[in-house]
Asks: 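Before we start, here is the structure in question, set down as structure tokens.
Because the structure is predicted, anything quoted here is derived from the model rather than measured. In listed order, ligands and their atoms are each counted from 1.
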Amino acid sequence: MNVYADNAATTRLSPVALRAMLPYLENQYGNPSSLYSLGQRAKEAVETAREEIAAAIHAAPRELTFTSGGSEADNQALRTAAALGKKAGKTHIVSTAFEHHAVLHTLKALEREGFSVTLLDVHSDGLVRPDELAAALRDESCLVSIMYANNEIGTVQPIAELGAICRERGVLFHTDAVQAVGHLPIDAEAANVDLLSASAHKFHGPKGAGFLYARRGVRLQSLIEGGAQERGKRAGTENVAGIVGMAAALSERIPRMEQDAARVSALRDRLIAGLSEIPHAALNGDAARRLPGNVSFCFEGIEGESLLLLLDDRGICASSGSACTSGALDPSHVLLAIGRSHDVAHGSLRLTLGEDATEAEVDYIIQNVKEVVERLRGFSPVWRDLVSGKTPHIL
Ligand SMILES: *Cc1c(COP(=O)(O)O)cnc(C)c1O
């Protein structure tokens with residue numbers, strides 16, 4: 001059996017989105033800035049897509065700027081708020097330790113430019129406490145950036161409540177909603193956000209397309225010098241097919257979202273129950289306040305990478321919290337932020353179900369994770385020490 005259980009990394013392109021895109025990759029290849037009808041048809045397609053996406057998140061079309069994806073939208077949101085803050089003499093930013101690197105690395109860059117950053121505790125349940133946000137705000141705060149839903153552990157923050165605190169204090173509020181858009185109902189107005197990032201490939205749209213919502217009155221600062229596309233907020237010829245595909249994918253998700261979320265949540269809970277039977281294992285993040293498809297576990301005495309390779313042999317695509325880049329094994333900053341130890345964080349597994357997931361797939365995953373964890377523990381000196389009592393169990 002082949003099971004794709006890494007939908008937080010990316011999703012399969014919807015056939016509806018693909019069909020919507022094809023004309024703009026074939027005959028409708030005009031540049032939206034051109035005045036002849038071939039160009040104007042491309043322009044109309046971009047503007048129709050803007051209207052569709054705006055309707056899907058209860059925003060006005062003018063409030064949306066198309067970007068190359070979530071990372072660019074996050075960068076632009078933070079850069080905009082920082083520039084506005086600096087102009088007003090406000091250089092303090094509040095965020096959390098478990099944001100996506102597109103946010104965390106931009107914050108690091110802003111720190112080097114003189115901003116000070118407070119990272120809120122996300123507690124062991126993966127949730128921010130609104131009273132702690134209120135306490136962290138200062139007169140010189142210019143921005144709060146808190147993700148809607150976490151990409152590793154799936155926890156969903158009380159965004160409207162956090163946003164209300166920011167609004168009351170007159171501080172701009174950005175949320176990275178890349179994991180939420182297309183999966184949870186999003187109302188940009190009701191969520192009390194000023195800036196919101198999204199990415200098409202996380203909701204069955206194409207890679208390389210995303211958008212940044214900026215509430216009217218918040219003037220975005222362009223990251224790219226060039227032409228006057230996107231009302232001067234994002235230079236460069238529009239990714240017409242990508243934008244059209246993004247709108248088609250999101251429009252397809254909206255009427256199905258509630259039903260899909262209920263069905264996928266039930267499968268998620270079945271998967272959590274099955275994996276919880278493994279001894280010395282623990283779910284990461286709150287069990288209820290999480291994305292419909294997200295299951296994140298830590299297993300004592302194993303390495304996440306070995307687990308992934310053995311699961312791949314059995315046809316299962318999953319992910320581990322640990323980012324293995326250039327041979328350096330760094331445990332996930334998200335798992336460390338919720339208080340997992342380095343050792344435990346190394347034994348992590350993220351399974352993210354799509355809308356087409358089935359009970360048979362979930363049962364196949366449970367069976368195989370159980371077998372593979374047991375097998376890996378059989379070889380593991382760390383596990384031997386835990387079993388013999390030489391080192392104490394944490395989970
Ligand atoms: C995937 C992801 C991003 C980055 O989006 P890209 O379109 O891949 O640049 C940002 N934030 C979160 C939470 C994500 O899951």
Asks: Over 60° means perpendicular and under 30° means parallel, so tell me whether W383 and H280 are parallel, tilted or perpendicular.
Replies: perpendicular

Asks: For the CD atom on E47, are there more than 12 heavy atoms of other groups (residues, nucleotides or ligands in this structure) within a distance under 6.0 Å?
Replies: yes

Asks: Ignoring hydrogens, what is the shortest heavy-atom contact between R219 and T80? Give both atom names and the distance.
Replies: O-CG2, 3.4 Å

Asks: With ILVMFWY side chains joined below 4.5 Å, transitively, what does V218's cluster contain besides itself?
Replies: L84, L172, L195, L212, L220

Asks: At a 4.0 angstrom heavy-atom cut-off, what protein residues surround ligand 1?
Replies: G69, G70, S71, D74, H100, M147, N151, D176, V178, Q179, S199, H201, K202

Asks: Name all residues meeting the ring pair (Phe, Tyr, Trp, His ring centres under 6.0 Å) criterion together with H105; count only those two or more places apart in sequence or in a different chain, and write none if there are none.
Replies: H101

Asks: Give every residue pair that meets the salt bridge (Lys or Arg N to Asp or Glu O under 4.0 Å) criterion with at least one member in residues 76-89, sequence neighbours excluded.
Replies: R79-E113

